[in-house]
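The structure appears below as structure tokens.
Keep in mind that the numbers below use all heavy atoms, side chains included, and drop hydrogens, waters and symmetry copies. Below, read A as the first sequence line, B as the second, and so on, with proteins coming before strands; counting in each chain starts at 1.
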Protein chains: 2
Amino acid sequence: MTLSMVEIAKRAGVSVATVSRVMNKKGGYGKATGEKVEAIIKEAGYQKNEMASGLKRKFTRSIGVIIPNVVTNYFGLIVEGIEEEARKNGYSILLAHSGNGGEHFEHALATLTERRVSGLIFVSVQTTDDDYDLVKQSTTPHIFISSDSDTQDFSKIKIDDYQAALEATRYLIGKGHKKIGLVGLNPTDKVAGEPRIKGYRRAFEEANLQLDEKWIISGDFGVETAEKGVEISLDQIDTTALFCASDEAAIGAMKACRKKGLNVPEDISIMGFDDSTTAKLCYPELTTVHQPLFEMGSQSVFKIIQAIETNDVIESDIVPFDIIERESVVSLT
Amino acid sequence: MTLSMVEIAKRAGVSVATVSRVMNKKGGYGKATGEKVEAIIKEAGYQKNEMASGLKRKFTRSIGVIIPNVVTNYFGLIVEGIEEEARKNGYSILLAHSGNGGEHFEHALATLTERRVSGLIFVSVQTTDDDYDLVKQSTTPHIFISSDSDTQDFSKIKIDDYQAALEATRYLIGKGHKKIGLVGLNPTDKVAGEPRIKGYRRAFEEANLQLDEKWIISGDFGVETAEKGVEISLDQIDTTALFCASDEAAIGAMKACRKKGLNVPEDISIMGFDDSTTAKLCYPELTTVHQPLFEMGSQSVFKIIQAIETNDVIESDIVPFDIIERESVVSLT
DNA sequence: CTGAAAGCGCTTACAG
DNA sequence: CTGAAAGCGCTTACAG
């Protein structure tokens, strides 16, 4: 299994140079030679040592992905897209978790850099300025998915969070809701927090509706904080709908509502965000804002590979979102 | 960023051998030398090329994991465990999907082998005999998580599926259920199908209860097949509880029950399996069989690393399961 | 304590 | 069409 090219060369009665050429289908060798070498390779079950090849060629045909975790469905879907596109192109993927607070980011980046990955994808990174500086020093092509790259000059792929929140809130208003909570967002988060809050506010302005600051129940996109936040706030507000930062936050909100004896959607409507797989697992199924997660993953590796091959700079992409109507929002009109 | 050891050596006025020694803290160099070299390394932001190091040492400090997908929460949790333990030990993880039907298994294995990973973890692989033969030829330490390794002589880590199904069914019987469906299992699946059906049957025998073959509604662990299966069967059976193959299957079953106007758990009890994160996302929250997914992941890399270091053969582990009571099962007594 | 040198397994000009 | 040789960036006996 772990025999080397010289062994193959010996068995085939040719030089290693020739073996290398046929392995890589480089041409420049006779038909008979090619066939003989291929037969030996197959018979021996020989597999090229990519480490050695990569060292020589200074190219590892691998992509590193740094992601907070992989158990959140949101991230899982992105990784699916990354993996599929990478596989189709013969790239390997190295996975490293940055941790939910970004606490392992530096370590993750170092590991991947030491491995000399050919490209780097950052997913929802929670990066400090130091981290950004580190990334800026990197000469390997990289792209950010759903990360704060607005304030920073990085290539990115994401939806327009402002517009998405605006349209989602409009949608709810269109259904006759006038008192709408905003649940689970971190207001200081540049990626999704700030712009979505703006979009949400804008929708009220447009509609000439009054907005009560108490309706904004911040959190961290997760179920627990959303649940807690809603539970506490529900006594002081009388919203008829809750627009949540993620499908998980929506589930947290639903749990809290139920504890208070409110039925979803009869007594209160709940809207999610992401359209991750959890949106269809819960009950009622979530009306939510669809993000093309899988495609964002595959697009990002597509772009990286292109950048590797052409040496061009990676163009950013704002991808389309969509409102998916399911069961958790009711019309008041 | 991409400077090499010779450059560092030059700047520090020493040989590359010395630089190598201090990078690896091998000792055998003077204090002053060490400090000087370290300073230069830091200043230059030098990072060792792991490809070159690995080539020379014939050891890549990396673990390959082959997994059907990563978006199923079940798998996500396992990968979390793998990633954390790998990180703690300075190992990188290479991720490759085998596809839900195992269609990419061979490709995945080849990629990882070419990369000369130091260890290999197979998660829930759906392998053909050919695949097993391939694995058998591999000289790199490997372990199977929740895979069919009973008929095959491989190291593995999993729960006792027979016992788990037996105790879960006992639990339901203990709650007064006498007519219990078994949903979403593939009866020909050696890993979970066969043994769990046996355990389920055994529980009825023990309790001197009659079992109706129509109660066995097979599937593929997913929500769709479970939903469909239950929907079709529900008219012909009058079970008071459904024991499902996974938490996803449980959700499928719940959907089907609701369509028929049955409330969970008031009209029918539903029990899941796995205790993946979805078990707490759905409503009502699932009473389910807990598998220590995260731990299974971390244990597997622990064992692999040990095997790498000691060269010992990897011992299999049967890990404990647990019945977690939540809201989806009601007592009839 | 330190360096020169060989070698890990490949690839790729360069000759022929 | 094919081979000898250099070299990718490290590590590690072997001398000293």
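Below 30°, between 30° and 60°, or above 60°: for B/Phe105 and B/Phe122 the angle between ring planes is between 30° and 60°, a tilted geometry. Ring pair B/Tyr91/B/Phe59 is perpendicular by interplanar angle, where above 60° counts as perpendicular and below 30° as parallel.
Sparse packing is recorded around CD of A/Glu106, with 12 or fewer heavy atoms of other residues, nucleotides or ligands lying under 6.0 Å away. Atom CZ of A/Phe302 is surrounded by 12 or fewer heavy atoms from other residues, nucleotides or ligands within 6.0 Å.
Put simply, OG1 on A/Thr128 and CD on A/Glu103 are 12.0 Å apart, with the number rounded to the nearest 0.5 Å.
Residue-level contact check: B/Gly30 touches the backbone only, with heavy atoms under 4.0 Å from sugar-phosphate atoms and none from bases.
Rounded to whole angstrom, the span from the NZ atom of B/Lys36 across to the C1' atom of C/dC1 amounts to 13 Å.
Of all heavy-atom pairs between A/Ser124 and A/Pro68, the closest is O-CG, 3.5 Å.
Side-chain contact annotation: B/Arg87 with A/His104, donor-acceptor N/O pair under 3.5 Å present.
Not counting sequence neighbours, the partners of A/Lys136 by the side-chain contact (heavy atoms from CB on, under 4.5 Å) test are A/Asp133, A/Gln152, A/Phe154.
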Worksheet, complete the sentence: Readout for nucleotides 6-16 of chain D: B = base within 4.0 Å of protein heavy atom, S = sugar-phosphate only, - = neither; 5' to 3' it is -BBBBBBB---
Response to the item:
Under the rule of Watson-Crick or G-U wobble with both distances under 3.5 Å, where | means paired to another strand and [ ] a crossing pair, DNA chain D maps to |||.||||||||.|||
